[in-house]
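Order of the sequence lines sets the chain letters (A, B, ...), proteins ahead of strands, with each chain counted from 1. Predicted, not measured: the structure shown is a model, and the values here were computed from it.
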Amino acid sequence: MRAISPQRFSVSAFRRLSSHAAARVDNHRQCITGPTNHTSHLHTEKTEPLISLIKSTSSKPHLLQIHAHLIRNSLFQHPIFFSPFLFGIALHPLHDLGYACRVFSKFSKPDVFQYNIMIRAYGMSDSPGNGFMLYQEMLRSGVSPNSLTSSFVTNCCIKSGSLFGGLQIHARILRDGHQSDGRLLTTLMDFYSSNERYTEACKVFDEMSHRDTIAWNVLISVYMRNRRTRDVLGVFDMMQSSYDCQPDNVTCLMLLQACANLNALAFGERVHRYCEEHGFDKAMNICNALITMYSRCGCLEKAFEVFKGMTEKDVVSWTAMISGLASNGYGRDAIEAFREMQSAGVSPDDQTFTGVLSACSHSGLLDEGRMFFNSMSKEFGISPNIHHYGCVIDLMGRAGMVDEAYNLINSMKVKPDATIWRTLLGACRIHHQADLGEQVIERLIELKAQEAGDYVLLLNIYSSLGDRGKVINVRKMMKDRGIQTNPACSTIEFRGKIHEFVANDFSHPRKTEIYEMLDEINQQLRIAGYVAETVAELHNVGTEEKQIALSYHSEKLAIAFAVLSTPPGTSIRVAKDLRICVDCHNFAKILSAVYSREVVIRDRNRFHHFREGRCSCNDYW
DNA sequence: GTAGGGTTAG
């Protein structure tokens with residue numbers, strides 16, 4: 001959008017100018033017949049000051065005055081005045097769509113530019129669907145859309161969620177030959193992406209003759225929405241090797257998010273260096289994303305380094321740091337940081353409290369957690385949301401107060417979701433509360449949100465109580481209800497690539513070496529006193545088979561791969577999509593001593609740091 | 001006689 005200088009409005013100047021312009025038009029009216037083509041006779045030296053006056057006006061009263069004068073002087077129907085006037089009302093600086101609609105409806109024969117203004121304005125409004133309707137009206141009245149029209153109306157379809165409209169527009173783009181417009185195609189990619197038509201979005205990208213940084217960024221956002229996080233990293237390489245465009249700060253922001261999700265520390269460091277080289281590391285959002293990336297990769301020192309180096313820290317920076325400390329098991333430090341933040345004059349918000357409360361729950365700080373939960377609404381006026389309740393329920397549940405936690409859920413002001421019930425179910429598993437566990441499963445069924453993992457938890461409760469009959473029951477229930485168990489997946493980053501493992505996985509190119517290494521590790525750990533935990537965690541095999549199957553859990557395969565492929569003493573960082581099991585927890589703990597390796601496992605819930613045979617996380621197994 | 005695309009951190 002063109003910058004408009006905030007010139008002061010002068011009514012007298014306006015009157016002078018508009019009467020001058022009107023006089024010229026009147027002159028010509030005597031010479032010409034019909035309403036068209038009269039603008040060509042207006043002299044630019046007379047019209048330009050008036051147009052720039054229209055453009056520089058930024059208040060509604062002044063625009064109303066201009067409106068009145070345009071009508072009074074028969075200048076309203078002049079596209080030369082009408083276009084900037086409409087632009088000022090519909091887009092910049094007023095955005096008054098109602099007013100713009102009234103003005104637009106009075107205009108006799110809008111051209112493509114004026115339709116575009118209106119369609120664009122609809123795309124920015126609460127009624128984007130009307131933009132598409134106006135587009136159709138425009139086609140009916142015989143005005144040909146240009147590629148900007150397509151761009152604006154596609155935007156309307158994105159905002160209104162109209163797949164059908166967008167498909168029609170795409171067909172028309174091809175018909176009108178606008179497919180060489182890169183910006184338009186970028187919008188189209190975004191349209192397909194927002195409708196979860198990822199294949200089509202990628203196809204549009206593939207067919208682009210020239211791709212700039214923004215087009216690549218949209219491709220990244222397509223991958224992110226489509227959970228193709230691993231492919232995002234490849235895009236960075238492709239962009240860097242392209243000769244005409246380079247990753248920008250937006251690229252880096254999304255890449256850092258991808259690295260955080262993937263536990264891809266080395267890649268994240270590479271992005272960090274890139275940010276430093278290009279001066280992006282001064283930006284607050286990049287720093288905040290870096291803090292999150294480092295803490296999600298279990299590398300708190302680096303997260304803290306970035307945090308310390310920031311000249312200015314906002315609530316997001318503090319919250320990122322607090323949450324990072326919390327998820328890595330440094331509950332007391334997180335609380336300390338929370339106090340420091342307030343001393344620094346930064347007010348906490350709801351997400352800060354999520355961080356603080358999760359710090360309490362991850363470190364088992366029951367009293368502190370309750371205290372923060374109460375002070376949150378009383379002192380800071382923040383009413384608890386579902387995440388806050390979740391933390392407190394987790395905290396109470398882990399501390400063995402399962403009934404109290406259950407009562408709290410029933411007294412919540414917000415409707416409990418599946419995560420809340422699942423949290424309680426986890427507590428039931430820890431404290432062998434089979435009856436309550438059954439009730440929770442019922443709640444999950446009511447919500448139509450039960451997953452295989454929930455049944456596994458219930459199964460493990462019965463299994464730990466030695467109730468074979470109930471175990472068989474649950475298995476039958478799962479079979480009847482068609483509950484599929486998806487294999488858990490562990491990932492590990494090695495030389496900038498993400499390696500994926502599932503239990504009993506035989507697909508890795510180095511599978512033979514990995515299995516041999518795992519057998520070797522098992523032998524060494526048994527010497528040091530490791531005994532495979534077979535009570536819970538598996539549900540469809542006998543004890544002997546259990547021991548075999550347990551020894552090939554995905555995280556163990558990932559660890560064996562790391563031991564095999566990295567020099568002694570290198571830290572092992574594994575990310576797992578589900579919860580780590582008791583046995584793998586023990587396995588990692590003993591391995592950290594026997595192999596003198598720091599092991600960091602990030603599972604669905606938290607981090608588990610193992611060093612010298614100890615676990616920094618508060619394990620309530 | 002002019003207008004457009006991506007990310008929005010925790």
What does Thr154(A) touch in the nucleic acid at a heavy-atom separation under 4.0 angstrom: a base, only the sugar-phosphate, or nothing? nothing

Expressed in angstrom and rounded to an integer, what is the separation of Leu148(A) atom CG from dG1(B) atom C1'? 13 Å

Over all atoms of both residues, closest heavy-atom pair of Ser242(A) and Cys245(A): OG-O, 3.0 Å

Whole-Å distance separating the NE2 atom of His178(A) from the C1' atom of dG4(B): 13 Å

Mind checking if Asp350(A) touches a base, just sugar-phosphate, or nothing, with heavy atoms under 4.0 Å? nothing

For Phe82(A) and dT2(B), give me the distance from atom CZ to atom P, rounded to whole Å. 18 Å

Tell me the interatomic distance from Met189(A), atom CE, to dG4(B), atom C1', rounded to whole angstroms. 16 Å

Ignoring hydrogens and geometry beyond distance, is the side chain of Ser83(A) in donor-acceptor contact with the base of dG1(B) at under 3.5 Å? yes

Met239(A) atom CE is separated from dT7(B) atom C1', nearest whole Å, by 12 Å

Indicate whether any N or O donor in one side chain lies under 3.5 Å from an N or O acceptor in the other, for Asn285(A) and Asn249(A). no

Of all residues at least two apart in sequence or in a different chain, which pass the side-chain hydrogen bond (donor to acceptor under 3.5 Å, both in side chains) check with Asp96(A)? Lys60(A)

Could you tell me how the ring of Phe280(A) sits relative to the ring of Tyr274(A): parallel (under 30°), tilted (30 to 60°) or perpendicular (over 60°)? tilted

Please list residues of residues 262-289 of chain A whose heavy atoms come under 4.0 Å from any atom in DNA chain B, ordered by number; otherwise none. Met284(A), Asn285(A), Asn288(A)

Rounded to whole angstroms, how far apart are CG on Asn328(A) and P on dG10(B)? 15 Å

Residues in side-chain hydrogen bond (donor to acceptor under 3.5 Å, both in side chains) with Gln351(A), at least two apart? none

For residues 152-183 of chain A, the ring pair (Phe, Tyr, Trp, His ring centres under 6.0 Å) pairs (sequence neighbours left out) are His170(A)-Tyr192(A)

Of the nucleotides dG4(B), dG1(B), dG5(B), which one has an atom closest to the side chain of Phe113(A)? dG1(B)

Ala266(A) and Glu493(A): which non-hydrogen atoms are nearest, and at how many Å? N-OE1, 2.7 Å

Does Arg296(A) make a side-chain N or O approach to OP1 or OP2 of dA9(B) shorter than 4.0 Å? no

Look at all strands and tell whether Ser151(A) reaches a base, only sugar-phosphate, or nothing, counting heavy atoms closer than 4.0 Å. base

Rounding to an integer number of Å, can you tell me how far Ile80(A) CD1 sits from dT2(B) C1'? 11 Å

Asn146(A) has its side chain closest, among dG5(B), dG10(B), dA3(B), to dA3(B)

Of the listed nucleotides (dG4(B), dG5(B), dA3(B)), which one gets closest to any side-chain atom of Asp212(A)? dG5(B)

Going by modelled atom types, is there a donor-acceptor pair between the base of dG4(B) and the side chain of Asp181(A) at under 3.5 Å? yes

Is any side-chain heavy atom of Glu340(A) closer than 4.5 Å to one of Trp318(A)? yes

Looking only at heavy atoms, what is the nearest atom pair of Ala264(A) and Leu233(A), with distance? CB-CD1, 4.4 Å

Checking dG4(B), dG1(B), dG10(B) against the side chain of Val316(A) (C-beta onward), the nearest is dG10(B)

Tell whether Thr319(A) reaches the base of dG10(B) with its side chain through a donor-acceptor pair below 3.5 angstrom. yes

So what does Leu184(A) touch, heavy atoms closer than 4.0 Å: a base, only the sugar-phosphate, or nothing? base

Measure from the side-chain heavy atoms of Asn116(A) and tell me the nearest of dG5(B), dA3(B), dT7(B). dA3(B)

For Asp314(A) and dA9(B), what is the distance between atoms CG and C1' respectively, to the nearest whole Å? 8 Å

Which parts of residues 245-253 of chain A get close to DNA chain B, meaning a heavy atom less than 4.0 angstrom away? Asp248(A), Val250(A), Leu253(A)

Which nucleotide sits closest to the side chain of Gln351(A): dG10(B), dG1(B), dA3(B)? dG10(B)

Quick one: label Thr352(A) by what it contacts on the DNA or RNA (base, sugar-phosphate, nothing), any heavy atom closer than 4.0 Å. base

Salt bridge (Lys or Arg N to Asp or Glu O under 4.0 Å), that's the test. Do Glu207(A) and Lys203(A) meet it? Break it down for me. CA-CA 6 Å; Glu207(A) 286 166 0; Lys203(A) 195 163 168 270; 3.5 Å; yes

Looking at the side chain of Arg183(A), which of dG5(B), dT7(B), dA3(B) is the nearest nucleotide? dG5(B)

Counting only pairs under 3.5 Å, give me each side-chain donor-acceptor contact of residues 296-309 of chain A, with atom names and distances, residues two or more places apart or in other chains.
| residue | atom | partner | partner atom | Å |
| --- | --- | --- | --- | --- |
| Arg296(A) | NH2 | Asn261(A) | OD1 | 3.4 |
| Lys302(A) | NZ | Glu269(A) | OE2 | 2.6 |

